[in-house]
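Everything below concerns the one structure shown next.
Residue numbering restarts at 1 for every chain, and letters A, B, ... go by the order of the sequence lines.
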Amino acid sequence: MNEIYKIYKILYKNYGPQGWWPILGYGYHKQDYNFPRNHDEIFEVCLGSILTQNTTFVSVIKSLENLQAKNALNVYTIEKMEINEFKEAIKPSGYYNQKARYILEFIAFYKNLYGATPTREELLNVIGIGEETADSILLYGYNQPELKVDAYTKRILVHLGFVNDKAKYTEIKFLIQNSLGASIKDKKKLLIAYQEFHALIVEHGKKHYSKKPYGSGCFLNPHVK
DNA sequence: AGCCAGGCTACCG
DNA sequence: CGGTAGCATGGC
């Protein structure tokens, strides 16, 4: 059993299934992996993925609820909406001028998909979608095996000595994907492991890696290396 | 009061 | 290329 997989098992045992990505009205659907269940929910995950950039998800939920209250969690209403009204709705998530543009850029792209699953490369060509947001959309919106790496992931792996602080996004992503893939052969289970791994990292990161010194109280150290 | 949050782009050397 | 300022609200 490799070390990264061991970390996954320890985190899962401690925190349990996380049920990402939360959907309005259902929240964290723990141990139910049949989400998103329709195009509206996929679209909601995409918007949430953009809105959550460098922001807490609590703020994202407020923004999404503001839109939902206007029946605007869909392409056509957002496009017709006055831009300042849209910005006001997403204000709680911060960077609302940037994010309003990013979302409109994404919608132009999304419409052209006609329900198809986008490729990672296509997503990366959309202004406002970087590697993490692309993987977030693919992993949680489209159930594609693309692990999402965030600041906590890197911070934790650096602290535990798996990578150095200059490690790039894809290096970390493939290290984790290859490690989990070596231990989990079933495709469906591997996808769920990707989804849960990132969610568990965030949960653990919020508890032990948000304040300096990073890693204080982290219980992973004695179990690995 | 200051730091951090489930990042990305633009621009610099 | 790698490094960094700017973006902005909300919670602790």
Side-chain angles (χ1 to χ4, degrees), chain A residues 8 11 15 17-24 27-30 35-36 44-67 83-109 120-141 146-159 163-173 176 194-217:
Chain A
Y8 173 59
L11 291 176
Y15 300 119
Q18 299 299 297
W20 279 36
W21 187 278
I23 299 291
L24 289 184
Y28 295 87
H29 40 91
K30 301 188 177 183
F35 284 83
E44 181 187 322
V45 173
C46 294
L47 257 53
S49 296
I50 294 169
L51 289 172
T52 199
Q53 291 168 0
N54 205 35
T55 307
T56 62
F57 206 79
V58 174
S59 298
V60 173
I61 290 173
K62 285 181 192 162
S63 298
L64 292 175
E65 286 177 343
N66 286 344
L67 291 172
I83 184 63
N84 286 327
E85 184 183 359
F86 182 64
K87 287 180 179 178
E88 194 65 27
I90 65 170
K91 209 168 201 173
S93 301
Y95 306 139
Y96 57 89
N97 290 305
Q98 276 193 356
K99 286 176 179 175
R101 180 191 170 201
Y102 291 172
I103 288 171
L104 292 179
E105 296 273 0
F106 173 76
I107 283 177
F109 166 76
R120 190 171 194 270
E121 188 180 1
E122 287 170 343
L123 285 168
L124 291 176
N125 281 329
V126 178
I127 290 290
I129 299 184
E131 294 197 280
E132 185 180 340
T133 306
D135 287 335
S136 183
I137 288 171
L138 290 169
L139 181 61
Y140 296 111
E146 301 282 354
L147 184 91
K148 173 174 176 175
V149 175
D150 73 329
Y152 285 134
T153 314
K154 180 172 183 178
R155 197 175 291 169
I156 291 171
L157 291 198
V158 167
H159 185 257
V163 297
N164 64 47
D165 62 351
K166 291 188 302 180
K168 289 191 213 166
Y169 185 97
T170 49
E171 177 188 342
I172 297 171
K173 172 176 174 173
I176 297 168
Y194 285 1
Q195 293 175 331
E196 289 288 358
F197 184 89
H198 171 69
L200 289 163
I201 284 288
V202 171
E203 183 63 21
H204 189 64
K206 282 197 270 198
K207 280 187 163 58
H208 302 292
Y209 287 84
S210 56
K211 287 187 297 189
K212 293 180 180 178
Y214 295 143
S216 79

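- Looking at heavy-atom distances under 4.0 Å, A:Lys168 makes contact with sugar-phosphate atoms alone, never a base.
- Atom CZ of A:Phe106 is separated from atom P of B:dG7 by 18 Å (rounded to the nearest Å).
- Note: CG (A:Leu51) to P (B:dG7) measures 12 Å, nearest angstrom.
- Between the side chain of A:Tyr152 and the base of B:dG7, no donor-acceptor pair under 3.5 Å is found.
- In summary, the aromatic rings of A:His29 and A:Phe35 are positioned with their centroids under 6.0 Å apart.
- A pairwise comparison of heavy atoms in A:Lys154 and A:Ala167 identifies NZ-O, 3.1 Å as the closest pair.
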Each base of DNA chain B marked ( ) or [ ] if paired in-strand (Watson-Crick or G-U under 3.5 Å), | if paired to another strand and . if unpaired gives .||||.|||||||
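- Within the 4.5 Å cutoff, side-chain heavy atoms of A:Ser49 are placed close to those of A:Val45.
- Position along DNA chain C of the nearest nucleotide to A:Tyr95 versus A:Lys166 favours A:Lys166 as the more 5'-ward residue.
- The gap from the P atom of C:dC12 to that of B:dG6 amounts to 12 Å, rounded to the nearest Å.
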Using a cutoff of under 3.5 Å, can you pull out all pairs of nitrogen or oxygen atoms linking the protein to nucleotides 8-10 of chain B, with atom names and distances?
from: B:dC8; atom 1: OP1; to: A:Gly130; atom 2: N; distance (Å): 3.0
from: B:dC8; atom 1: OP1; to: A:Gly130; atom 2: O; distance (Å): 3.3
from: B:dC8; atom 1: OP1; to: A:Glu132; atom 2: N; distance (Å): 3.4
from: B:dC8; atom 1: OP1; to: A:Thr133; atom 2: N; distance (Å): 3.0
from: B:dC8; atom 1: OP1; to: A:Thr133; atom 2: OG1; distance (Å): 2.8
from: B:dT9; atom 1: OP1; to: A:Gly128; atom 2: N; distance (Å): 3.0

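- If you check every strand for non-hydrogen atoms under 4.0 Å, A:Tyr96 touches sugar and phosphate atoms only.
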Begin with the C-alpha distance, continue with both residues' side-chain angles, and end with the deciding distance and a verdict on side-chain contact (heavy atoms from CB on, under 4.5 Å) for A:Ile103 and A:Phe86.
CA-CA 10 Å; A:Ile103 288 171; A:Phe86 182 64; 3.7 Å; yes
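- Among the protein residues, A:Lys62 comes within range of the sugar-phosphate backbone only, with heavy atoms under 4.0 Å from sugar or phosphate atoms but none that close to a base.
- Although no hydrogens or angles enter the test, the distance criterion places no donor-acceptor pair under 3.5 Å between the side chain of A:Lys211 and the main chain of A:Ser216.
- Scanning both residues, A:Ala199 and A:Gln18, for their nearest heavy atoms gives CB-CB, 3.5 Å.
- Nearest to the side chain of A:Ser59, among C:dG10, C:dA8, B:dG6, sits C:dG10.
- Here, C:dA5 and B:dC4 have their P atoms 15 Å apart, quoted to the whole Å.
- Cation-pi contact between A:Lys87 and A:Tyr96: absent, since separation from the ring centre below 6.0 Å together with deviation from the ring axis within 45° is not met.
- For A:Leu123 against A:Ala134, the heavy-atom pair with the smallest separation is CD1-O, 3.8 Å.
- Closest approach of A:Asn66 to A:Pro92, counting heavy atoms only: ND2-CG, 3.9 Å.
- Atom-to-atom, NZ of A:Lys99 to P of C:dG6 comes out at 18 Å; the value is rounded to the nearest Å.
- A:Glu146 approaches A:Tyr194 most closely through the heavy-atom pair N-CD2, 4.0 Å.
- Rounded to the nearest Å, the gap between the P atom of C:dA8 and that of B:dA10 is 14 Å.
- A:Glu203 places no side-chain N or O within donor-acceptor distance of the main-chain N or O of A:Tyr15, the cut-off being under 3.5 Å.
- Rounding to whole angstrom units, CG of residue A:Asn54 and P of C:dA8 are separated by 12 Å.
- Whole-Å rounding puts the A:Lys87 NZ to C:dT9 C1' distance at 15 Å.
- Between A:Trp20 and A:His198, the ring-plane angle classifies as perpendicular under the 30° and 60° cut-offs.
- Here the P atom of nucleotide B:dC4 and the CZ atom of A:Phe57 are 23 Å apart, to the nearest Å.
- Taking atom NZ of residue A:Lys173 and atom C1' of nucleotide B:dG6, one finds them 16 Å apart after rounding to whole Å.
- Under a cutoff of 6.0 Å and an axis angle of 45°, A:Arg155 and A:Tyr209 do not form a cation-pi pair.
- Listed pair A:Arg155 / B:dC4 fails the phosphate criterion, with no side-chain N or O lying under 4.0 Å from OP1 or OP2.
- Put simply, OH on A:Tyr209 is 16 Å from P on B:dG6, counting in whole angstrom units.
- Listed by residue number, there are no residues of residues 195-205 of chain A with a heavy-atom contact under 4.0 Å to DNA chain C.
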